[in-house]
Every structure is written in structure tokens, then in C-alpha cells.
Amino acid sequence: MSTKSFKSFINLDANATYGLLPELYENLKALFPNLLNPNSVHQGGQAARAIIEKAREEIAALIGTAPGDRIIFTSGATESNNLALYAPFLWADEATRSRGAPWSLLGTALEHPSVLGPAQALRQKGVELRLLGPRETRSLRDFVEACSEDTRLVSLMYANNESGEIFDVPSIAKAIKEKFPNTIFHTDAVQALGKFPLSFRNTNADLMSLSAHKIGGLMGAGALIVREGINLEPLLRGGPQEERLRAGTENLLGIASFGLAAKHVRENLAARIASMRKGRDFLLHEIKRVFSDVSTTSNLERVLPNTLSIQIPGVRADDLVVAADTQGVLISYGAACSSGKQDPSHVFLAMGYSEEEAKEIVRISLKAEYEAGELEHAASVLISCIQRMRK
Ligand code: PLP
């Protein structure tokens, strides 16, 4: 099999995938001889099992779980989100429901498609679904008022993948759990991890979705963090893995990369955040120096330190993405999973942008580490592309 060699590029699309941390290469390679089935009883299986448990410890250390909380490995945050949304409703059959089980789901219109998809599917199965807009999502009072005794599950993302906006999950979850202790609170914290001092217990959530490839690990591994006392039903059955919550042989290499990336992030978090912010602010400064009409889609004080979501009047974002790409600078228009289609992002439409305006919004999302001169080069590429497109 021949492998195509890729030309070098500057990844300013880290919210889509961070890219494997070079610090992990050697450690992952050293695991190759031990990639056996972690469920086998022999010594090969035990060595593989130890790799998984080590990764679990590293993730626990990064997010500060309490004893009794569970870290359930999944194939990624899409699966974690599906598990979190479906599980609270799965066990409750019609009979249970007719006995008056709470049967509504409260979310926001800004969620990732891997939350909105199962939410819409649940609606088709009779679950009452309410999706809040950005104004209500930002207001503690409005959010809590939208919840009721009938709300079985609340799902609120910690930070948006497109705008980078951070929501006040700790306060909203606390207020909802105080008023409605039986309501389960889920947060999709995929984008916050590694860019924010995230602590599971401080989020006050019951369930939290995470993904390895957003923090420098491999694709295909994620986790659902489950607070002590929360009982879930699995989506995938047929094996005892992950405390019977997720059947199937574990993605050993992916999980190992998740653990190693978690360790690296924990040991360098403050420096990484500072570096992302410095790079992000530099790019914004350079772009705004030339184009004063460029605006950020959210107030940067409430935005992830690595994310720059900007509207560039008169410039089609999808054209800019292609133009920058031809010069080796990777940025994005909408989320990666929706790239290829030209529809404007549901996030910016929900935020009140018109279709035409939403098509002018690009996302630049940074890693913590770039080679000297890379960001200066990226800034000049973006500026020259915008200048050309405005002519
Ligand atoms: N949730 C958010 C906020 C995301 O940004 C993503 C990926 O783009 C996901 C969930 C899905 O993660 P995964 O790629 O691990 O399935």
C-alpha cells in the first residue's frame, strides 16, 4: 500500500482535530507489541488492561473526578453524547411513562450535531424537546425557568465548537440540581478540555462527554464521565467491557493516546492556555490592523483562548477556506463534520445572523504550539487572501 505524502501545512483548525502531540509518538510506538485484547486473561491481556487503567487514571487526574465517579471509554464524543442522551430515556418504556416518569429533554440550539441528532430522534419517539436560544442559554434565570419537574435530562455544552463561547455550566447545573434533584445534567465538554481548567466535580454535571483527538490524542477514542449514583443503560450490548456500559473490545491505542495526551495537558495546562491566547490575539490583531470592519462573533472574554470566530464582511467564508488552504493555512467554515456543504452554520443562525452574514464567518482555532514564524506567515496569507477576495 502506498502512502501519499502530505505537504506541510499550518493547522489553524485545531477545534476540528488538534493533531497528535509529537510528545506522544515514542510512547505510543512503545505500546505496539502490547496491543492485545485487554479482556484476555493471559499476561498479554493483562498488559493491555494495565494500559487502559493507566489512561483512566490520567484522565481522572486531569478532570478531577471523585471516588465512585466512572470514566466510560467510548469511540469518541459522538458516541458519548448519544449514550448520554438516549440512556436516561431507554429504560423507561410506555408503562413507566404512563406512571408519570419525567419525559422531556431540555437542550440548546447551539449544541453539536451529535447532541442535536439524538435529541431530534428522541422527539420523534415522543420525548418533549425544548431547545433554548443563545439569550436564554446565557441567562441562569431563564435556563432554570425552562426546566420543570418533567425534565428528565438537560444537555448544555461547556463551550461551543464554532464560536468558542463558554457557557456557565457550573452555575446552571448547580441551580437546576438544587431545584430538580432528579433531573440528569449532561455537558458536552469536548472543546473545553485542554483549553480551560476543567474540573468534572466543579461543573456540577452528572455526565460529561470528552474526546481524545481534540486534545492531541488519536481519533476514535472518547469518554463519558458518569457521576457516582447515576445509573445508565448501555447503547451497545454484548460484552462486559466498561462496566457493561459499552460492549466491544476497547480501542487500546486510542485510549492510550487519550491518557498520554491528558497527562501532557495536565502538566502544561497554564502554559498551553497562555500560548493559545497569545497566538489567537496576535492573529486577530494582525487581521484587524488591516480590516477594521472584521468582528468577532462573541465577546472574547467569554470565548475559549484558542478560538477566533470572525465575520469578514464581503468575503465568502468557504472561498476563504479554499484560498488559504492552497497556501497551506488550514481554517474552517462551520464545523468539520459539516464541511463540504455550503449551508450556513446552525450556530450562527441561532445567534441571530442572517444567512448571508453567517456565510461570512470563518473559524480559526489554534493549537498551543507552532514553529517560530508560522503564525506570522499564516497572518500574512490570510490577509492577502482577504485582500484579493475583496477586490
Ligand atoms: N462535541 C463537540 C462540541 C465537538 O466539537 C465534537 C467534534 O467536532 C464532537 C462533540 C464529536 O466528537 P468526536 O469527533 O470525538 O465524535
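Note that the numbering runs from 1 along the sequence shown for the chain. Whatever order the structure lists them in is the order used to number ligands and atoms, beginning at 1. We use all heavy atoms of the structure for the numbers below, so side chains are in, but hydrogens, waters and symmetry mates are not.
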For this session: Select the closest option to atom 9 (C) of ligand 1 among His112, Glu111, Gln191, judged by heavy-atom distance.
Result: His112
Problem set entry | Between Ser309 and Thr297, a side-chain donor and acceptor under 3.5 Å | yes
For this session: Have a look at Asn15 and tell me which of Glu162, Lys195, Lys214 forms a side chain to side chain donor-acceptor pair (under 3.5 Å) with it.
Result: Lys195
For this session: Compare Ala189, Ser75, Gly220, Ala77 and give the one whose heavy atom is closest to atom 13 (P) of ligand 1.
Result: Ala77
For this session: Report, in ascending order of atom number, the atoms of ligand 1 lying under 4.0 Å from any heavy atom of Val190.
Result: 1 (N), 2 (C), 4 (C), 10 (C)
Problem set entry | Mutual orientation of the aromatic rings belonging to Tyr353 and Phe348 [parallel < 30°, tilted 30-60°, perpendicular > 60°] | perpendicular
Exercise. Ligand 1 versus Ser114, non-hydrogen atoms closer than 4.0 Å: side chain, backbone, both, neither?
Worked result: side chain
For this session: With heavy atoms only and a cut-off of under 4.0 Å, state how Thr78 meets ligand 1: side chain, backbone, both or neither.
Result: both
Exercise. At a non-hydrogen distance cut-off of under 4.0 Å, which region of His213 contacts ligand 1 (side chain, backbone, both, or neither)?
Worked result: side chain
Exercise. Using a heavy-atom cut-off of under 4.0 Å, does the side chain or the backbone of Val115 touch ligand 1, or both, or neither?
Worked result: neither
Exercise. Does Lys263 pair with Glu57 as a salt bridge, N-O distance under 4.0 Å?
Worked result: no
Exercise. Short list, please: which atoms of ligand 1 are under 4.0 Å from a heavy atom of Gly76?
Worked result: 15 (O)
Exercise. Is there a heavy atom in Lys214 that sits closer than 4.0 Å to ligand 1?
Worked result: yes
Exercise. Are the side chain of Ser257 and the backbone N or O of Leu218 linked by a donor-acceptor pair below 3.5 Å?
Worked result: yes
Problem set entry | Option from Arg152, Lys174, Arg227, Arg201 for which salt bridge (Lys or Arg N to Asp or Glu O under 4.0 Å) with Asp206 holds | Arg227
Exercise. Any link between Val315 and Ile361 through a network of hydrophobic side chains (Ile, Leu, Val, Met, Phe, Trp, Tyr) touching at under 4.5 Å?
Worked result: no
For this session: Kindly confirm or rule out an N or O of Ala16 lying under 3.5 angstrom from an N or O of ligand 1.
Result: no
Exercise. Can any side-chain N or O of Asn34 pair as donor or acceptor with the backbone N or O of Ala48 at less than 3.5 Å?
Worked result: no
Exercise. Can you find an N or O of Ser211 that's nearer than 3.5 Å to an N or O of ligand 1?
Worked result: yes
Problem set entry | Atoms in ligand 1 flagged as close to Asn81, the criterion being non-hydrogen separation under 4.0 Å | 1 (N), 10 (C)
